[in-house]
Enquirer: 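Below you will find the structure I want to go over with you.
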Amino acid sequence: MADFADCFSALDFSHHSRVIVAISGGSDSTGLLVFLREYLKFKKPAPELVAVTIDHGLRVESANEAVLVRSLCEKLGIVHLTKRWEGEKPKTGIQAAAREARYTLLVQAAHENDATLILTGHTEDDQFETVFMRGERGEGPGLAGIAPATLAFGEHAPVWFARPFLTITRAAIRGQLNRRGMEWIDDPSNDNSDYERVRVRQSLTSSLESDLAQLRQTQLEWAKKRADLSQRAARLMNRHVSEVSRGLFLISPALKDEVDAEAAAETLRICLAFAGGSEKMIETQSAADIVTLLESGEFFRKTGTRALMDRRRQGLFVLRENRNPGKMSEIAPKQAEIPKDVPASLARRALPTDRRRLYPWPLRVPLFNLAAASALAQLVGFEAFPPPPCSL
């Protein structure tokens, strides 16, 4: 159990009196619940565990499987809840839709049960599959893979998801369950080669340890790169970006003097995405080109990710793009409310930004991006984030 204890000891439970454990009945989530319960026996005070099963309703067996999980939880003395994905299911992209439904229902369960942390059983196998698939698509930063923790937003306070098993293999989990004489449920969809992840899983089964070690190294390097860039962009955001009027942001011309060109471009990308209400950010090179334009001192007007950039003497103003130039915002500020040295024409055209959605992370912030997301949240008056349950 040493490796499992190390996984759990990396989590900070001190801020959490109640924790949700997502359990489907498969080996990974069953191992998570069983081993975590054993680990917490030696922790005082220990958080209360609440096991939650998401019944997607995609297979006729799923309801019975939820009953089996409930029986296991009763034996372990753990409260168990089942939440069902109701409504019509999409005909395509079913795995992605099911994943989003699972996030939503788990966050809902956390709020309903006053839980402040959700644990899931993602393993190193899942990490390898994710990094391999993203590498095949040439995703670059996506090679950071699955974050050890993710902050999820819902209708209420944000809640952290943590994945303590990302350095543990599925085989190791099953080995420990077998030693305890414990069974688990095998979902037949995990063997359905119609899904890309299943095909990748099957192909990685025969991979050499050296190949897996390379995937592991790639993931660690990109995770560090993303976290480092996020921290650098956060510093520049704090230094150079302000909201000078409702929905109108000003990027100081001094951004052009920063030696860290990569972080300057990342800062601009984040600001444009938030102002435009877009999950997608402009290409890094495009952002770098705009920063170069700032260096020239040239006045210009450009658009990107539904945001308008207007270079003036004071710096680069950024606001939500209004596709109807003749129409001003219905709640445009009065002249007296517009700060001096802020162009009134831009202040009046600035459209409201949705403060419930922290674009480009409207639903979730991976731990890799926490520093930049926190700086943005502070800039726009978003609610303070709870402390993360672990570090990278």
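If you read the sequence from its start, that first residue is 1, and numbering goes on from there. Reckoned from all heavy atoms, side chains included, excluding hydrogens, waters and symmetry mates.
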Enquirer: Are F249 and F300 linked, directly or through other ILVMFWY residues, by side chains that come within less than 4.5 angstrom of each other?
Expert: yes
Enquirer: Between K224, K225, Q217, which is the residue that forms a side chain to side chain donor-acceptor pair (under 3.5 Å) with E221?
Expert: Q217
Enquirer: With sequence neighbours left out, what residues match F368 under ring pair (Phe, Tyr, Trp, His ring centres under 6.0 Å)?
Expert: none
Enquirer: Could you tell me which residues satisfy side chain to side chain contact (heavy atoms under 4.5 Å, CB included) with E88, sequence neighbours excluded, listed by chain and number?
Expert: K91
Enquirer: Please tabulate, one pair per line, all N/O donor-acceptor pairs under 3.5 Å involving side-chain atoms of residues 114-122, not counting sequence neighbours.
Expert:
from : atom 1 : to   : atom 2 : distance (Å)
T116 : OG1    : H16  : ND1    : 2.7
T120 : OG1    : H122 : ND1    : 2.8

Enquirer: Below 3.5 Å, can you tabulate the donor-acceptor pairs from side chains in residues 261-270 to any protein atom, sequence neighbours excluded?
Expert:
from : atom 1 : to   : atom 2 : distance (Å)
E262 : OE1    : R232 : NH2    : 2.9
E266 : OE1    : R269 : NH1    : 2.8
T267 : OG1    : A233 : O      : 3.4
T267 : OG1    : A263 : O      : 2.8
R269 : NE     : I282 : O      : 2.6
R269 : NH2    : I282 : O      : 3.2

Enquirer: For residues F153 and Y103, determine if any side-chain heavy atom of one lies less than 4.5 Å from a side-chain heavy atom of the other.
Expert: no
Enquirer: Remaining members of F128's ILVMFWY cluster at a side-chain heavy-atom cut-off under 4.5 Å?
Expert: V131, F132, M133, L143, V200, L204, L212, L215, W222
Enquirer: I'd like to know whether Q95 forms a side chain to side chain donor-acceptor pair (under 3.5 Å) with R99, so could you lay out the CA-CA distance, the side-chain angles of the two residues, the decisive distance to 0.1 Å, and finally the verdict.
Expert: CA-CA 6 Å; Q95 282 198 321; R99 182 170 57 250; over 6 Å; no
Enquirer: Report yes if the side chains of V19 and L40 come closer than 4.5 Å at any heavy-atom pair, otherwise no.
Expert: no
Enquirer: Kindly determine whether I185 and L68 satisfy side-chain contact (heavy atoms from CB on, under 4.5 Å), including the steps that lead there.
Expert: CA-CA 9 Å; I185 300 166; L68 291 174; 4.2 Å; yes
Enquirer: Apply ring pair (Phe, Tyr, Trp, His ring centres under 6.0 Å) to F165 and list each qualifying residue two or more places apart in sequence or on a separate chain.
Expert: F4, F8
Enquirer: Does K89 count as lying over the ring of W85, i.e. NZ or CZ under 6.0 Å from the six-ring centre, within 45 degrees of the axis?
Expert: yes
Enquirer: With side-chain contact (heavy atoms from CB on, under 4.5 Å) as the criterion, how do R59 and E65 come out once you've worked through the C-alpha distance, each side chain's angles and the decisive distance to 0.1 Å?
Expert: CA-CA 10 Å; R59 297 181 295 111; E65 291 169 357; 2.7 Å; yes
Enquirer: Would you compute the distance between atom CD of Q231 and atom CG of L236 and round it to the nearest 0.5 angstrom?
Expert: 12.5 Å
Enquirer: Find out whether R199 and E129 are in side-chain contact, i.e. whether some heavy atom of one side chain is under 4.5 Å from a heavy atom of the other.
Expert: no
Enquirer: Output the distance between atom CD (E258) and atom OG (S252), rounded to the nearest 0.5 Å.
Expert: 9.0 Å
Enquirer: Nearest 0.5 Å, please: how far is OG1 in T292 from CD in E295?
Expert: 5.0 Å
Enquirer: Got a second to check how far F161's CZ is from L367's CG, nearest 0.5 Å?
Expert: 14.5 Å
Enquirer: Report all side-chain donor-acceptor pairs from residues 378-392 shorter than 3.5 Å, counting only partners two or more places apart or in another chain.
Expert:
none

Enquirer: Using a 4.5 Å cut-off between side-chain heavy atoms of Ile, Leu, Val, Met, Phe, Trp and Tyr, which other residues end up in the same hydrophobic cluster as V60?
Expert: none
Enquirer: When you compare the side chains of R197 and T130, does any donor N or O come within less than 3.5 Å of an acceptor on the partner?
Expert: yes
Enquirer: Only distances under 3.5 Å count here; give the side-chain donor-acceptor pairs of residues 44-58 to other protein atoms, sequence neighbours excluded, each with its distance to 0.1 Å.
Expert:
from : atom 1 : to   : atom 2 : distance (Å)
E48  : OE1    : R18  : NE     : 3.0
E48  : OE1    : R18  : NH2    : 3.1
T53  : OG1    : I23  : O      : 2.8
T53  : OG1    : H80  : NE2    : 2.7
D55  : OD1    : G57  : N      : 2.9
D55  : OD1    : S62  : OG     : 2.6
D55  : OD2    : R84  : NH1    : 2.7
H56  : NE2    : A98  : O      : 3.4
H56  : NE2    : R102 : NH1    : 3.1

Enquirer: Does T167 have any side chain to side chain contact (heavy atoms under 4.5 Å, CB included) partners at least two apart in sequence or in another chain, and if so, which?
Expert: C7
Enquirer: Test of understanding: with side chain to side chain donor-acceptor pair (under 3.5 Å), list the residues that count as partners of R216, not counting sequence neighbours.
Expert: E124
Enquirer: Give, for atom CD of Q219 and atom CD1 of I146, the distance between the pair rounded to the nearest 0.5 Å.
Expert: 8.5 Å
Enquirer: Remaining members of L229's ILVMFWY cluster at a side-chain heavy-atom cut-off under 4.5 Å?
Expert: none
Enquirer: Report the C-alpha distance between T30 and L177 in whole Å, list the side-chain angles of each, state the deciding distance to 0.1 Å, and finish with yes or no for side-chain contact (heavy atoms from CB on, under 4.5 Å).
Expert: CA-CA 8 Å; T30 298; L177 289 175; 4.3 Å; yes
Enquirer: Apply the test side-chain contact (heavy atoms from CB on, under 4.5 Å) to residues M309 and I290: give CA-CA distance (whole Å), side-chain angles for both, the deciding distance (0.1 Å), then the verdict.
Expert: CA-CA 10 Å; M309 295 167 276; I290 294 168; 3.6 Å; yes
Enquirer: May I ask you to decide if A372's main-chain N or O and S230's side chain share a donor-acceptor pair within less than 3.5 Å?
Expert: yes
